[in-house]
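Keep in mind that the numbers below use all heavy atoms, side chains included, and drop hydrogens, waters and symmetry copies.
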Amino acid sequence: MAEEREASVEGGERTGLLAGFEEFYRRHVDAVMRYVARRVDDPHTAADLTAEIFLAVLDSAHTYRPGLGSETAWLYGIARNVVSSERRRVAREAERDRRFSGRRLLEADDIVRLEDKLDAESPGRRLLAALARLPEGERAVIELVAVDQLTVTEAAAALGIRQVTARVRLHRARKALRAEAEASVGAVGPVGAEMSALHVVRGEA
C-alpha cells in the first residue's frame, strides 16, 4: 500500500509539473522563438534551438528562484546559454570544414554576383562589426536590452550580474557605439546613417 501511495504521489507531481510546463511554454514560446530568430537564419536550426531551450527549462526548473529575478529573465539566461553553445559548436565545425576542404573555383559571373551582394551588405556588416568589437559583457547587456527588449533588471538577472554592473556595461556599450557613429559620419555610404539610426531608435542620439 505504501508503495502504491508513493507511486500515486509521484504520478501526481509529474502531472502537475507537465501541466505547469505547458502553461509556461504557451506563455513564452513566441518570445523565445523571436530571440532565436534574431540570432540564426536557418528555420530548422531555429526550431531545434527553441526545443532545446524548453528542454533545458524542464531540466533546470528546480533551480528557479523567484526572489532572484522574474521567470522571463531566468528563461533568457537559459536561452542565451543554449544559443551560445550552438554558436561554439558551429564555429568548431566551420573551422574543421575549412581545414579539410578546398576552396571551390568560382566562375566570373559568380564572382560578380557575390561582389554585388557583399557591397550591398557592407553597411550591415559594419554595424554588426561595431557590436562585435564590444567586450563580451557589454555586448551581452546591450543585446538583451536594445534588441531583445528586456529591462536592465531582467538583463542583469539573465546574465547573473548586479543591476549596477549591467547599467555600467550598458552605458559603456552605448558610448562606444556613439563614438563609432560619429567616426562613421565622414565615411562614404550609409554606414554613419545606420549607426546614428541605432542610437535614435534606442533613445541615445
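A salt bridge links Glu136 with Arg139: the closest approach of a Lys/Arg side-chain nitrogen to an acidic carboxylate oxygen falls below 4.0 angstrom. Using a cutoff of 4.0 Å between basic side-chain nitrogens and carboxylate oxygens, Glu143 and Arg80 are not scored as salt-bridged.
Rounding to the nearest 0.5 Å gives a distance of 5.5 Å between CZ of Arg167 and OG1 of Thr153. A distance of 13.0 Å separates CD of Gln149 from OG1 of Thr72, quoted to the nearest 0.5 Å. Between the CZ atom in Arg34 and the NE2 atom in His28 there is a gap of 11.5 Å [rounded to 0.5 Å]. Atom CG in Leu49 sits 11.0 Å away from atom CE in Met33 (nearest 0.5 Å).
Note on Val168 and Val145: separate hydrophobic clusters, where clusters join Ile, Leu, Val, Met, Phe, Trp and Tyr whose side-chain heavy atoms are under 4.5 Å apart, directly or indirectly. By the criterion of side-chain heavy atoms lying less than 4.5 angstrom apart, applied directly or through intervening Ile, Leu, Val, Met, Phe, Trp or Tyr residues, Val90 is not grouped with Ile53; the two fall into different hydrophobic clusters. Taking hydrophobic clusters as Ile, Leu, Val, Met, Phe, Trp and Tyr residues chained together by side-chain heavy-atom distances below 4.5 Å, Tyr25 does not share a cluster with Leu55.
Arg89 meets the side-chain hydrogen bond (donor to acceptor under 3.5 Å, both in side chains) test with Glu86, Glu93; sequence neighbours excluded. For Thr45, the side-chain hydrogen bond (donor to acceptor under 3.5 Å, both in side chains) criterion is met by Asp42, not counting sequence neighbours. By the side chain to side chain contact (heavy atoms under 4.5 Å, CB included) test, Ala56 pairs with Ile78, Val82, sequence neighbours left out.
Crowding of Arg172 atom CZ: a count of heavy atoms from other residues, nucleotides or ligands under 6.0 Å not exceeding 12.
Between the side chain of Ser85 and the backbone N or O of Asn81 there is no donor-acceptor pair closer than 3.5 Å.
Here the closest non-hydrogen pair linking Ala173 and Ile142 is CB-CD1, 3.9 Å. Closest approach of Arg169 and Glu138 over heavy atoms only: O-CG, 3.7 Å. Pairing each heavy atom of Tyr76 with each of Arg38, the nearest pair is OH-NH2, 4.4 Å. Scanning all heavy atoms of the two residues, the minimum distance from Val141 to Ala166 falls at CG1-O, 3.6 Å. Phe54 and Phe21 get closest at one heavy-atom pair: O-CE1, 3.5 Å.
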Could you give me the CA-CA distance, side-chain angles and deciding distance for Phe24 and Leu58, then say whether side chain to side chain contact (heavy atoms under 4.5 Å, CB included) is met?
CA-CA 10 Å; Phe24 182 91; Leu58 269 179; over 6 Å; no
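Within the 4.5 Å cutoff, no side-chain heavy atoms of Thr50 are placed close to those of Tyr35. For the pair Asp148/Arg39, a side-chain contact is recorded, criterion being any heavy-atom separation below 4.5 Å from C-beta on.
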